Each structure stands twice: as structure tokens, then as C-alpha cells.
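The next block holds one structure in the form of C-alpha cells; read it before the comments.
Since the structure is predicted, the reported quantities are computational estimates derived from the model, not experimental observations.
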Amino acid sequence: MSGSAAFADDAPPQQATVDADGVQRVGILGGSYFFKPSKIVAKAGQPLEISVRMEQGIVPHRFVLDGPNGKPAAEVDLSEAPRTVRVELPPGEYQFYCSNRLLMFKSHRERGMTGVLQVRE
């Protein structure tokens, strides 16, 4: 994790909000080796839109959300402009992370740029 207490493992999860159209929505901010929030809860059986963006900086980042079949359910380059991905997942826990890595250094994921999406009945 990053050095900030705001991203500690004991941080409460962010509940995705359900809009009038029945779509769940949540926003994620990525930055210097963190995602905020790093824990998200959503309901199964409803589409989920995740709006991801990067804080201002020069280090490039990605958002990868693992799917139930071991393949990415979503994968986008982050920018300061929000990018939205839409998924509908069965109940379970799904990891999201930055897959970037510079040669000879730990990956961004290894440096704490990771989180979990809990999809519940």
C-alpha cells in the first residue's frame, strides 16, 4: 500500500450506488501506487459502471479488473479524464490493479496499487 493511512487494509469498503436506470456506479482514483477506494462492494445481477481516472502525474498507470474466468473483465490506460468500464459479474471477489512495471523495479501491483471488488447477492 501507499504510505497513507487512508488506503490501509482496514479502510471501509465503498458501496456502489444504484442510479434510477438500475445501473450501479462507482468512481476510482488511481495515483502514485494506490487506488482510492481500494475496496468496493456491488450487487450481483446488476450492471456496474466503474469510472476510473488518474491523479495528475507523469507515471503512467493502468486499471485491470480480473474476471471470473481468469481473464481481465476490464483493462484501460488511466488518464486524468475519467474512463468508464461496464461489467456485470457473478458473486465473488475480484482483484483490480495496475499492471505496469518498469524494468528492474517492482510492478505497480507489487508496490500496493491494488484493490478488491466484492460482488454480493
Side-chain angles (χ1 to χ4, degrees):
M1 291 288 157
S2 75
S4 173
F7 309 116
D9 285 340
D10 60 351
Q14 171 79 40
Q15 179 72 47
T17 58
V18 180
D19 287 338
D21 61 2
V23 176
Q24 303 175 91
R25 291 185 172 85
V26 67
I28 298 176
L29 176 67
S32 294
Y33 314 112
F34 72 85
F35 282 114
K36 183 180 178 184
S38 62
K39 295 178 185 176
I40 299 168
V41 176
K43 294 180 184 177
Q46 291 181 295
L48 170 65
E49 286 188 358
I50 304 169
S51 176
V52 293
R53 69 180 181 85
M54 185 173 86
E55 71 177 0
Q56 188 173 9
I58 59 170
V59 176
H61 295 291
R62 292 182 62 72
F63 174 83
V64 179
L65 173 64
D66 284 344
N69 58 4
K71 296 181 181 175
E75 188 170 3
V76 295
D77 290 324
L78 295 185
S79 71
E80 290 180 45
R83 301 213 173 167
T84 301
V85 297
R86 186 175 178 139
V87 295
E88 192 165 335
L89 298 166
E93 281 199 357
Y94 302 93
Q95 298 293 312
F96 58 88
Y97 53 90
C98 177
S99 60
N100 288 2
R101 177 186 191 135
L102 293 173
L103 290 176
M104 311 290 283
F105 292 97
K106 288 183 177 182
S107 71
H108 295 190
R109 184 178 192 176
E110 292 171 315
R111 293 182 74 176
M113 197 168 180
T114 184
V116 65
L117 167 63
Q118 296 177 343
V119 178
R120 300 178 180 166
E121 289 287 343

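Among all heavy-atom pairs drawn from Ala42 and Leu117, the shortest one is CB-CD1, 4.1 Å. Heavy atoms only, all atoms of each residue included: Glu55 and Ser32 are closest at OE2-N, 3.4 Å. The minimum heavy-atom distance between Val41 and Pro13, with the atom names listed, is CG2-CB, 3.6 Å. When all heavy atoms are compared, the tightest approach of Glu75 to Pro72 is OE1-CG, 3.7 Å. The two residues His108 and Val59 come nearest to each other via the heavy atoms CE1-CG1, 3.7 Å.
Panel note: side chain His61, backbone Asn100; no donor-acceptor pair is recorded below 3.5 Å. Asp19 places no side-chain N or O within donor-acceptor distance of the main-chain N or O of Arg25, the cut-off being under 3.5 Å.
In the hydrophobic clustering of this structure, Leu65 does not group with Val23; members are Ile, Leu, Val, Met, Phe, Trp, Tyr whose side-chain heavy atoms approach within less than 4.5 Å, directly or through other members. Residues Val64 and Val52 do not share a hydrophobic cluster, defined by chaining ILVMFWY side chains whose heavy atoms lie under 4.5 Å apart.
Interatomic distance, Arg101 CZ to Met104 CE, rounded to the nearest 0.5 Å: 10.0 Å. Met113 CE to Phe63 CZ: the interatomic distance, rounded to the nearest 0.5 Å, is 10.0 Å. One finds the SG atom of Cys98 at 12.0 Å from the CZ atom of Phe34 (value rounded to the nearest 0.5 Å). Between the CD atom of Gln24 and the OG1 atom of Thr17 there is a distance of 8.5 Å, given to the nearest 0.5 Å.
Counting heavy atoms from C-beta on, the side chains of Ile28 and Ile40 come closer than 4.5 Å.
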Show me the side-chain donor-acceptor pairs of residues 82-97 shorter than 3.5 Å, one per line, residues at least two apart or across chains.
| residue | atom | partner | partner atom | Å |
| --- | --- | --- | --- | --- |
| Arg83 | NH1 | Asp77 | O | 3.2 |
| Arg86 | NH1 | Glu49 | OE2 | 3.2 |
| Glu93 | OE2 | Gln118 | NE2 | 3.0 |
| Tyr94 | OH | Pro90 | O | 2.7 |
| Tyr97 | OH | Asp66 | OD1 | 3.0 |

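In this structure, Glu80 places its CD atom where more than 12 heavy-atom neighbours from other residues, nucleotides or ligands lie under 6.0 Å away.
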